[in-house]
Asks: 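Right, I'll just put the structure down here and ask away after.
By convention in this document, chain letters (A, B, ...) are assigned in the order of the sequence lines, proteins followed by strands, and residues within each chain are numbered from 1. As the structure is a prediction and not an experimental result, all values here were calculated from the model.
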Amino acid sequence: MKSTPQYWLMKSEPDEFGIDDLKSVGKEAWSGVRNYQARNFMRDEMKVGDEVLFYHSSTKPPGVAGVAVVASKPYADPTQFDSKSPYFDPKSKEDDPRWILVDLKFKKKFKNYIPLSKLKECSELEDMTILQKGNRLSITPVTKKEFDFICELGS
DNA sequence: GCCAACGTTGGC
DNA sequence: GCCAACGTTGGC
């Protein structure tokens, strides 16, 4: 039987959209994911109420900035149909959308930002997908243990 | 700016 | 269906 993860880690570039942006808007459609594995997680496995570690990538230093919550069922990413969007996908059809997203809502910003270097030092986290060599996936499942451990580090 | 790792594309 | 070429991600 396949287990359904309840906890996730999602990457975002803070120059583009960071935890403070999520805090100020409250809720955001997670548009722009153009990777099938990541899409499948949103489409097939995420449930409203799942908790998400909000990770800042391509920044100094990279690390986990806070927590968000899945706030909608999966639906078609509107940016794929917008020819002016950088995420426009001419091969996607309105009646058969290729890219699916969920809404995220802000839960909290960690008091202590947890840099990637810190995550790497924790033996409790050594199996995390994000820490595996060569991992580039922008959305990955995390275990409850890992999630709780990281929340502890952040508070 | 570099580069390793990985995903996607397209010719055959 | 293979696989080389190319593009992207993302830490350093």
Asks: Under 4.0 Å between a Lys/Arg side-chain N and an Asp/Glu carboxylate O for A:Glu51 and A:Lys107?
Replies: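 Result for this pair is yes, salt bridge flagged.
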
Asks: Base, sugar-phosphate or nothing for A:Gln37? Non-hydrogen atoms, less than 4.0 Å.
Replies: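 The answer is sugar-phosphate, as A:Gln37 gets under 4.0 Å only of primed atoms, P, OP1 or OP2.
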
Asks: Atom CG of A:Leu119 and atom P of C:dG11: how far apart are they, to the nearest Å?
Replies: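 Whole-Å distance recorded here is 11 Å.
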
Asks: Which whole-number value in Å describes the distance from A:Met128 CE to C:dG11 C1'?
Replies: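 After rounding, the reported distance stands at 16 Å.
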
Asks: To the nearest Å, how far apart are A:Asn35 CG and C:dG7 P?
Replies: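 It works out to 18 Å between those atoms.
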
Asks: When the distance from CG of A:Leu137 to P of B:dC6 is rounded to whole Å, what number comes out?
Replies: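 Nearest whole value for this atom pair: 11 Å.
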
Asks: Just checking, is any N or O donor in the side chain of A:Gln80 or A:Ser92 under 3.5 Å from an acceptor N or O on the other one?
Replies: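 There is such a pair (donor and acceptor under 3.5 Å, judged by atom type) between the side chains of A:Gln80 and A:Ser92.
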
Asks: Please give, in whole Å, the distance from C:dG10 C1' to A:Gln132 CD?
Replies: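 About 16 Å, once rounded to whole Å.
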
Asks: Any idea which of B:dG7, B:dT8, C:dG11 is nearest the A:Tyr36 side chain?
Replies: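 So the nucleotide nearest the side chain must be B:dT8.
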
Asks: What closest approach, in Å, do A:Val25 and A:Phe17 show between heavy atoms, and which atom pair accounts for it?
Replies: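 Minimum heavy-atom separation between A:Val25 and A:Phe17: CG2-CZ, 4.1 Å.
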
Asks: Over how many whole Å does the gap from A:Leu131 atom CG to B:dA5 atom C1' extend?
Replies: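 Interatomic distance, CG of A:Leu131 to C1' of B:dA5: 16 Å.
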
Asks: Without decimals, in angstroms, what is the distance between A:Tyr87 OH and C:dG7 C1'?
Replies: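 These atoms are roughly 16 Å apart.
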
Asks: A:Lys11 side chain: which of C:dG10, B:dT8, B:dT9 is closest?
Replies: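 Per side-chain heavy atoms of A:Lys11, the pick is C:dG10.
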
Asks: Salt bridge or not between A:Asp77 and A:Arg34? Use side-chain N to carboxylate O under 4.0 Å.
Replies: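 Here A:Asp77 pairs with A:Arg34 in a salt bridge, since their nearest N and O are under 4.0 Å apart.
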
Asks: Compare the minimum distances between each of B:dT8, C:dG10, B:dA4 and the side chain of A:Lys133, then state the nucleotide with the smallest one.
Replies: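 The answer is B:dA4.
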
Asks: Taking only N and O in the side chain of A:Lys91, is any of them less than 4.0 Å away from OP1 or OP2 of B:dT9?
Replies: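 Result: yes.
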
Asks: Base, sugar-phosphate, or nothing for A:Lys120, non-hydrogen atoms under 4.0 angstrom?
Replies: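 Since only primed, P, OP1 and OP2 atoms lie under 4.0 Å of A:Lys120, the category is sugar-phosphate.
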
Asks: Given the side-chain rings of A:Trp30 and A:Phe41, with only the six-membered ring counted for Trp, is the space between their centroids under 6.0 Å?
Replies: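 That pair fails the under 6.0 Å test.
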
Asks: In whole angstrom, give the distance that lies between atom CD1 of A:Ile139 and atom C1' of B:dG7.
Replies: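 After rounding, the reported distance stands at 16 Å.
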
